[in-house]
Student: 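My questions all concern the structure below.
Note that the structure is a prediction, hence the values are computed from the model and not measured.
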Amino acid sequence: MPTIFLDTNVFMDAQYFRAAGAQAFLRTCKFAGFDIAVPEVVLDEVRGNFQKGLSAALVSLTKSERQVARFVTLESSEVSLDEEVEGFNAFLEDLLKDIGVDVLPYPDATTKDLVLGGYSNKKPFKESGEGHKDYLIWKSIVERVDPADGPHYFVTSNTSDFAQDKTKETFVLHAELQSDLPDEVSVLGFTGRQSLLECHVLPRLDGWKPWSDSKVDIDVENFAESVIGKELPYKTMYGLEGLPFSNEVTITMYGNPENLDVHYARIGDQYMVRIRGDSECLFDGYMDKWEYFSEHSETMSGSDWNDHVVSVETDAVVEFEIMATYDPASGELGGATLKVLNEIEDDIYQ
């Protein structure tokens with residue numbers, strides 16, 4: 001049976017799979033006949049990162065509340081770190097059981113393997129010697145791979161430690177890691193959930209069908225507007241295709257969603273809904289003064305930021321994709337996640 005292996009960053013990017021939309025990815029993969037396997041070391045990292053991140057957020061919240069309390073009276077917003085962590089750990093355990101995720105035990109690796117690996121200058125270790133957790137993750141996968149099964153997929157955005165070559169959505173496993181596998185086994189790398197879903201999971205189902213075929217009467221346009229209204233304002237990214245400046249650009253205003261193209265895929269009694277469209281947005285950022293005054297001063301507003309840089313502002317079209325779930329029992333769309341399709345990510349082009 002084909003198997004999908006998930007790295008720690010997949011859980012982080014999916015906001016720990018707490019939303020129904022993110023969980024729909026897991027359920028779709030299982031429904032399409034894939035095994036989902038997660039190394040136990042990944043789950044330990046996920047739990048640790050949740051506690052660490054929540055603790056830092058609560059410290060920031062407390063500081064912010066103290067500042068606000070100088071001006072207005074605030075109701076107490078006490079959050080128990082221990083209770084929230086305990087609740088998350090229970091949620092994670094229930095989710096894994098409900099989905100049917102295979103938890104891979106720690107590999108048969110010794111502390112000596114870890115020490116020597118740090119000096120080997122071999123992937124997934126870094127030149128600095130760091131990479132012990134990545135090593136344990138990879139060895140867990142190697143011990144789980146069965147040549148009789150397949151194909152096998154590894155989803156991780158950590159291409160610097162696992163990849164030989166990469167594109168925006170896929171990567172080729174590094175040769176030093178491929179050598180750990182039997183000759184007849186290959187592992188296909190994906191940098192995110194969506195591209196794997198589109199390329200390999202949904203084709204095993206009936207594929208995407210036009211939303212009009214669903215015979216469901218629901219205001220998709222209003223739903224899309226509410227999602228982009230929540231996700232796009234003040235979203236910061238490295239750059240956007242067609243935008244003449246980059247290296248941190250921010251959406252300050254957004255327009256109504258247009259050119260909507262809506263499809264669905266049936267998963268049991270649930271629907272996965274894909275909404276693609278575009279929105280004209282206002283961006284601000286920075287540009288070198290020489291470039292601004294020589295090429296863009298007549299078409300783009302700008303103001304001095306310092307001796308070398310101009311603060312600039314212009315509009316551009318954001319192409320987006322919303323993934324959501326539709327529950328016939330409630331008659332509602334929910335669990336939405338949004339992806340900017342024409343976003344430029346800095347590390348992709350290094």
Student: Answer yes if the side chains of Thr236 and Thr250 hold a donor-acceptor pair under 3.5 Å, and no otherwise.
Tutor: yes
Student: Taking the side chain as everything from C-beta on, heavy atoms only, tell me whether Ile275 gets closer than 4.5 Å to Val273.
Tutor: yes
Student: Side chain to side chain contact (heavy atoms under 4.5 Å, CB included) for Val318 and Tyr254? Distances and angles first, verdict last.
Tutor: CA-CA 9 Å; Val318 169; Tyr254 71 96; over 6 Å; no
Student: Determine whether more than 12 heavy atoms belonging to other residues, nucleotides or ligands lie under 6.0 Å from atom CE of Met300.
Tutor: yes
Student: Who passes ring-ring contact (aromatic ring centres under 6.0 Å, His included) against Phe50, sequence neighbours left out?
Tutor: Tyr16, Phe88
Student: Under the side chain to side chain contact (heavy atoms under 4.5 Å, CB included) rule, what do Leu6 and Val101 come out as? Steps first, then yes or no, please.
Tutor: CA-CA 10 Å; Leu6 303 180; Val101 173; over 6 Å; no
Student: In Å and rounded to the nearest 0.5 Å, what is the CG to CG distance from Leu116 to Asp113?
Tutor: 7.0 Å
Student: Do Met12 and Phe17 share a hydrophobic cluster, counting only Ile, Leu, Val, Met, Phe, Trp and Tyr and linking them when any side-chain heavy atoms are less than 4.5 Å apart?
Tutor: yes
Student: Kindly indicate whether the side chain of Phe11, heavy atoms from C-beta on, has any atom under 4.5 Å from the side chain of Asn49.
Tutor: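 Answer no - side chains too far apart.
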Student: Is there a path of hydrophobic side-chain contacts, each under 4.5 Å between heavy atoms of I, L, V, M, F, W or Y residues, that connects Tyr135 with Leu181?
Tutor: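 Cluster IDs for Tyr135 and Leu181 match.
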Student: Between atom NZ of Lys122 and atom CD of Glu127, what is the distance when rounded to the nearest 0.5 Å?
Tutor: 16.0 Å
Student: Would you call the rings of Tyr271 and Tyr264 parallel, tilted or perpendicular, where under 30° means parallel and over 60° means perpendicular?
Tutor: tilted
Student: Just by modelled atom types, is the Phe162 backbone N or O under 3.5 Å from a matching donor or acceptor in the Asp134 side chain?
Tutor: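 Such a contact is absent between Asp134 side chain and Phe162 backbone.
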Student: Short question: side chain of Glu176, backbone of Pro124 - any donor-acceptor pair under 3.5 Å?
Tutor: no
Student: Tell me whether the count of non-hydrogen atoms from other residues, nucleotides or ligands lying under 6.0 Å of CD in Glu86 goes above 12.
Tutor: no
Student: Going through the checks in order, is the side chain to side chain contact (heavy atoms under 4.5 Å, CB included) test met by Phe5 and Ile137?
Tutor: CA-CA 10 Å; Phe5 300 96; Ile137 291 170; over 6 Å; no
Student: Excluding sequence neighbours, so at least two apart, what forms side chain to side chain donor-acceptor pair (under 3.5 Å) with Ser160?
Tutor: Asn158
Student: Hey, what do you get for CD (Glu78) to CG (Leu61), rounding to the nearest 0.5 Å?
Tutor: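 Result: 11.0 Å between the selected atoms.
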Student: Show which side-chain atoms of residues 139-154 pair as donor or acceptor with protein atoms under 3.5 Å away, not counting sequence neighbours.
Tutor:
unit_1: Ser140; atom_1: OG; unit_2: Leu136; atom_2: O; d: 2.8
unit_1: Glu143; atom_1: OE2; unit_2: Asp108; atom_2: N; d: 2.8
unit_1: Arg144; atom_1: NH2; unit_2: Asp102; atom_2: OD2; d: 3.3
unit_1: Asp146; atom_1: OD1; unit_2: Ala148; atom_2: N; d: 2.9
unit_1: Asp149; atom_1: OD1; unit_2: Met1; atom_2: N; d: 2.9
unit_1: His152; atom_1: NE2; unit_2: Asp146; atom_2: O; d: 3.4
unit_1: Tyr153; atom_1: OH; unit_2: His200; atom_2: ND1; d: 3.2

Student: Please, which pairs that meet ring pair (Phe, Tyr, Trp, His ring centres under 6.0 Å) have at least one residue in residues 303-325, sequence neighbours excluded?
Tutor: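 Pairs touching residues 303-325 that pass the test: Tyr286-Trp305.
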Student: Are Phe190 and Val172 linked, directly or through other ILVMFWY residues, by side chains that come within less than 4.5 angstrom of each other?
Tutor: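 Each belongs to a different hydrophobic cluster.
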Student: Does any N or O in the side chain of Lys166 come within less than 3.5 Å of the main-chain N or O of Thr159, such that one atom is a donor and the other an acceptor?
Tutor: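 No; judged by distance alone, with no hydrogens or angles, the pair does not exist.
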Student: Is it true that, when you exclude Glu184 itself, more than 12 heavy atoms of the residues, nucleotides or ligands shown sit nearer than 6.0 Å to its CD?
Tutor: yes
Student: When rounded to the nearest 0.5 angstrom, what distance separates OG in Ser226 from CG in Asn222?
Tutor: 6.0 Å
Student: Say whether, by atom type as modelled, one donor and one acceptor occur between the side chain of Lys289 and the main chain of Asn306 under 3.5 angstrom.
Tutor: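 Between the backbone of Asn306 and the side chain of Lys289 there is a qualifying donor-acceptor contact (under 3.5 Å).
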Student: If we only count heavy atoms from C-beta on, is the Asn256 to Glu225 side-chain gap below 4.5 Å?
Tutor: yes
Student: Without swapping roles, check the side chain of Ser214 against the backbone of Trp211 for a donor-acceptor pair under 3.5 Å.
Tutor: yes
Student: Just so I know, are the side chains of Asp13 and Ser157 near enough to count as touching, which here means a heavy-atom distance under 4.5 Å?
Tutor: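 They are in contact (side-chain heavy atoms under 4.5 Å apart), so the answer is yes.
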Student: Could you check whether any side-chain heavy atom of Leu338 comes within less than 4.5 Å of a side-chain heavy atom of Leu232, counting everything from C-beta outward?
Tutor: yes
Student: For Lys97, which residues count as a side chain to side chain donor-acceptor pair (under 3.5 Å) partner, sequence neighbours excluded?
Tutor: Glu93
Student: Please determine whether residues Leu95 and Ile4 belong to a single hydrophobic cluster, defined as Ile, Leu, Val, Met, Phe, Trp and Tyr linked transitively by side-chain heavy-atom distances below 4.5 Å.
Tutor: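 The answer is yes; both residues are in one hydrophobic cluster.
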Student: What are the two closest heavy atoms between Pro257 and Ile228, and how far apart are they?
Tutor: CD-CD1, 3.6 Å
Student: Using salt bridge (Lys or Arg N to Asp or Glu O under 4.0 Å), reason through Lys339 and Glu198 one step at a time and then give a plain yes or no.
Tutor: CA-CA 14 Å; Lys339 176 181 180 182; Glu198 292 277 1; over 6 Å; no
Student: Do Arg204 and Phe34 have side chains that get closer than 4.5 Å, going by heavy atoms?
Tutor: yes
Student: Just by modelled atom types, is the Leu282 backbone N or O under 3.5 Å from a matching donor or acceptor in the Thr252 side chain?
Tutor: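 Yes, the answer is positive, given that a donor and an acceptor are paired below the 3.5 Å cut-off.
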Student: Using every non-hydrogen atom in the two residues, find where Ala163 and His174 come nearest and quote the distance to one decimal.
Tutor: O-CD2, 3.6 Å
Student: Are a donor atom and an acceptor atom from the side chains of Ser311 and Asp284 found within less than 3.5 Å of each other?
Tutor: no
Student: If you define the side chain from C-beta out and look only at heavy atoms, does anything of Gln178 sit under 4.5 Å from Gln164?
Tutor: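 A side-chain contact under 4.5 Å is absent here.
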Student: Would one find more than 12 heavy atoms of other residues, nucleotides or ligands at under 6.0 Å from atom CD of Glu221?
Tutor: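 12 or below, so no.
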Student: Which residues pass the side chain to side chain donor-acceptor pair (under 3.5 Å) test with Asn89, not counting sequence neighbours?
Tutor: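 Partners of Asn89 by the side chain to side chain donor-acceptor pair (under 3.5 Å) criterion come out as none, since no residue qualifies.
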Student: Are Glu241 and Ile344 packed together at the side-chain level, in the sense that at least one heavy-atom pair is separated by less than 4.5 angstrom?
Tutor: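 Side-chain contact under 4.5 Å: yes.
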Student: Measure the spacing between OH of Tyr292 and CD of Glu298 and express it to the nearest 0.5 Å.
Tutor: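 One gets 9.5 Å once the value is rounded to the nearest 0.5 Å.
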Student: Checking side-chain polar atoms at under 3.5 Å, does Glu45 have a donor or acceptor matched by the opposite partner on Thr8?
Tutor: yes
Student: Considering non-hydrogen atoms only, spot the tightest contact between Gly239 and Val249 and give its length.
Tutor: CA-CG2, 4.0 Å
Student: What about Val10 and Phe91, same hydrophobic cluster or not, with Ile/Leu/Val/Met/Phe/Trp/Tyr joined at side-chain heavy-atom distances under 4.5 Å?
Tutor: yes
Student: Mark yes when over 12 heavy atoms from residues, nucleotides or ligands other than Lys30 sit less than 6.0 Å from its NZ; otherwise mark no.
Tutor: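 It does: Lys30 NZ has more than 12 such atoms within range.
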Student: At their closest point, which heavy atom of Cys199 faces which heavy atom of Pro203, and how far apart are they?
Tutor: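 Reported closest heavy-atom pair: O-CG, 3.5 Å.
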Student: Before giving the answer on salt bridge (Lys or Arg N to Asp or Glu O under 4.0 Å), spell out for Asp98 and Arg27 the whole-Å C-alpha distance, their side-chain angles and the decisive distance to 0.1 Å.
Tutor: CA-CA 9 Å; Asp98 181 45; Arg27 299 185 190 281; 2.9 Å; yes
Student: Does Lys235 form a side chain to side chain contact (heavy atoms under 4.5 Å, CB included) with Glu343? I'd like the steps, not just the answer.
Tutor: CA-CA 11 Å; Lys235 176 178 175 61; Glu343 177 180 353; 4.2 Å; yes
Student: Within a radius of less than 6.0 Å around CG of Asp183, do more than 12 heavy atoms belonging to other residues, nucleotides or ligands occur?
Tutor: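 No, because the 6.0 Å sphere around CG of Asp183 holds 12 heavy atoms or fewer from other groups.
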Student: Could you tell me whether a side-chain N or O of Thr325 sits under 3.5 Å from a main-chain N or O of Met272, the two making a donor and an acceptor?
Tutor: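 Flag not set: sc Thr325 to bb Met272 has no pair under 3.5 Å.
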